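Take a look at the structure below.
Start at 1 with the first residue, then count along the sequence. None of these values were measured; they are calculated from a predicted model.
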Amino acid sequence: MKLKQKLIIEQKTIEFCKEVDHLILTEENKRIYNAFVYRRAKPYKFEIIDKYDNTIRFVLCTNKLDDGVLHIMLKHYQGAVGNVNAYEILNFCDVIRNGEINANDNSITYTLKRNGQTYKLIVALKRSKAGTNILKSFYSDRK
């Protein structure tokens, strides 16, 4: 990873922590927070049941630029005014629980419309070496 990208991620992590500082977190929120703040080589595992009663299992990578945490931090998080804010990131599992599903051979996309925003969460199917699904991205249509 380039030095500039590292510095951007470091600054965004500080902003993320400040934004979350006053929030009361559930256990699930804490796991997501830890993934975004205390990145490690081993991915965080999630298992969520969607509104169609499908069990979605995926990992949240914290060390890849094109998947998960680093992708979301670099491309979609810009503090409280970004494409997604810290509160929305901490609650991205709600998009799976309540969103509409669109799947193909490569990915599952969940779309949730809430408060005039459209949120999308993309899970790439079995892209890891271990054969597990990977959370690819999470974003909204906020400009």
Side-chain angles (χ1 to χ4, degrees), residues 1-17 19-20 23-143:
M1 185 180 337
K2 297 176 185 174
L3 179 60
K4 183 177 178 180
Q5 287 175 322
K6 283 184 179 183
L7 292 173
I8 291 169
I9 290 171
E10 196 174 300
Q11 182 59 42
K12 286 186 175 193
T13 302
I14 291 168
E15 289 177 42
F16 184 85
C17 292
E19 197 178 339
V20 173
L23 300 175
I24 297 171
L25 304 179
T26 66
E27 287 303 314
E28 184 176 85
N29 296 148
K30 288 177 188 174
R31 289 185 63 227
I32 295 167
Y33 176 84
N34 288 340
F36 275 79
V37 175
Y38 307 111
R39 292 179 286 280
R40 61 182 188 185
K42 187 177 179 182
Y44 290 79
K45 295 180 180 182
F46 289 85
E47 183 174 307
I48 310 295
I49 298 173
D50 69 14
K51 72 178 187 179
Y52 305 101
D53 213 25
N54 298 314
T55 301
I56 305 301
R57 293 178 184 90
F58 63 90
V59 295
L60 177 57
C61 297
T62 64
N63 61 348
K64 297 180 179 182
L65 286 174
D66 60 344
D67 291 320
V69 169
L70 296 182
H71 170 80
I72 294 167
M73 288 296 266
L74 281 171
K75 190 166 182 181
H76 303 295
Y77 177 75
Q78 295 171 353
V81 298
N83 192 258
V84 289
N85 61 38
Y87 176 79
E88 293 163 334
I89 289 171
L90 293 176
N91 290 290
F92 70 66
C93 291
D94 289 345
V95 176
I96 295 173
R97 287 189 191 95
N98 302 306
E100 300 298 322
I101 188 172
N102 185 4
N104 61 37
D105 291 342
N106 299 318
S107 65
I108 301 171
T109 301
Y110 283 93
T111 304
L112 178 66
K113 293 185 183 219
R114 178 182 287 160
N115 300 327
Q117 294 296 124
T118 300
Y119 300 96
K120 291 193 180 204
L121 184 136
I122 301 170
V123 177
L125 298 175
K126 297 183 180 175
R127 290 197 46 239
S128 75
K129 291 177 184 175
T132 56
N133 303 325
I134 298 175
L135 188 139
K136 182 80 174 155
S137 190
F138 172 65
Y139 56 92
S140 78
D141 63 353
R142 183 183 301 126
K143 301 289 180 214

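- Using a cut-off of 4.0 Å between Lys/Arg side-chain N and Asp/Glu carboxylate O, R97 and E28 are scored as salt-bridged.
- N133 places a side-chain N or O within 3.5 Å of a backbone atom of K126 that can act as its donor or acceptor partner.
- For the atom pair N102 CG and Y110 OH, the distance stands at 10.5 Å (nearest 0.5 Å).
- Taking every heavy atom of both residues into account, Q5 and L74 meet most closely at O-CD2, 4.2 Å.
- For H71, the ring pair (Phe, Tyr, Trp, His ring centres under 6.0 Å) test picks out H76, with sequence neighbours left out.
- Annotation for I134 and C61: closest pair CG2-SG, 3.9 Å, computed over non-hydrogen atoms.
- Between F58 and I48 the shortest side-chain heavy-atom distance falls below 4.5 Å.
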Output, in order, the C-alpha distance, side-chain angles, deciding distance and verdict of ring-ring contact (aromatic ring centres under 6.0 Å, His included) for F16 and Y77.
CA-CA 8 Å; F16 184 85; Y77 177 75; 5.7 Å; yes
Take I32 and F46, measure what side chain to side chain contact (heavy atoms under 4.5 Å, CB included) needs, and give me the verdict at the end.
CA-CA 10 Å; I32 295 167; F46 289 85; 3.8 Å; yes
Decide salt bridge (Lys or Arg N to Asp or Glu O under 4.0 Å) for K30 and E27; before the verdict, give the C-alpha distance in whole Å, the side-chain angles of both, and the deciding distance to 0.1 Å.
CA-CA 5 Å; K30 288 177 188 174; E27 287 303 314; 3.4 Å; yes
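- Distance CG/L125 to CG/N104: 7.5 Å, rounded to 0.5 Å.
- A 4.5 Å side-chain heavy-atom check between T111 and T118 finds at least one atom pair inside the cut-off.
- Counting all heavy atoms, side chain and backbone alike, L121 lies closest to V95 at CB-CG1, 4.0 Å.
- Note that the NZ atom of K113 and the NZ atom of K120 stand 8.5 Å from one another [nearest 0.5 Å].
- Minimum heavy-atom separation, A86 to E19: N-OE2, 3.0 Å.
- Looking at K75, its side chain never comes within 3.5 Å of a backbone N or O of Y139 through a donor-acceptor pair.
- In this structure, M73 and I9 approach most closely via the heavy-atom pair CE-O, 4.5 Å.
- Annotation: the span from L135 atom CG to D67 atom CG amounts to 8.5 Å, rounded to 0.5 Å.
- E88 places a side-chain N or O within donor-acceptor distance of the main-chain N or O of N85, the cut-off being under 3.5 Å.
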Step-by-step side chain to side chain contact (heavy atoms under 4.5 Å, CB included) determination, N63 to R40:
CA-CA 7 Å; N63 61 348; R40 61 182 188 185; over 6 Å; no
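- The two residues S140 and V84 make their nearest non-hydrogen contact at N-CG1, 3.7 Å.
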Begin from the C-alpha positions of K45 and T132 and carry the test side chain to side chain contact (heavy atoms under 4.5 Å, CB included) through to its verdict.
CA-CA 10 Å; K45 295 180 180 182; T132 56; 6.0 Å; no
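- A side-chain donor-acceptor contact under 3.5 Å links N29 to the backbone of L90.
- Under the 30°/60° scheme for interplanar angles, the aromatic rings of Y38 and Y33 are found to stand perpendicular.
- To the nearest 0.5 Å, atom NZ of residue K12 and atom CD1 of residue I72 are 11.5 Å apart.
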Go through the steps for L60 and V69 under the test side chain to side chain contact (heavy atoms under 4.5 Å, CB included), then give the verdict.
CA-CA 7 Å; L60 177 57; V69 169; 3.9 Å; yes
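- Within the structure, the side-chain hydrogen bond (donor to acceptor under 3.5 Å, both in side chains) test picks out the following pairs touching residues 51-62 (sequence neighbours left out): E47-R57, D50-N54, K51-E100, Y52-E100.
- Looking only at distances, no side-chain donor or acceptor of N34 sits under 3.5 Å from a matching main-chain atom of R31.
- One distance of note links OG1 of T13 with CD of Q11; it measures 9.0 Å at 0.5 Å rounding.
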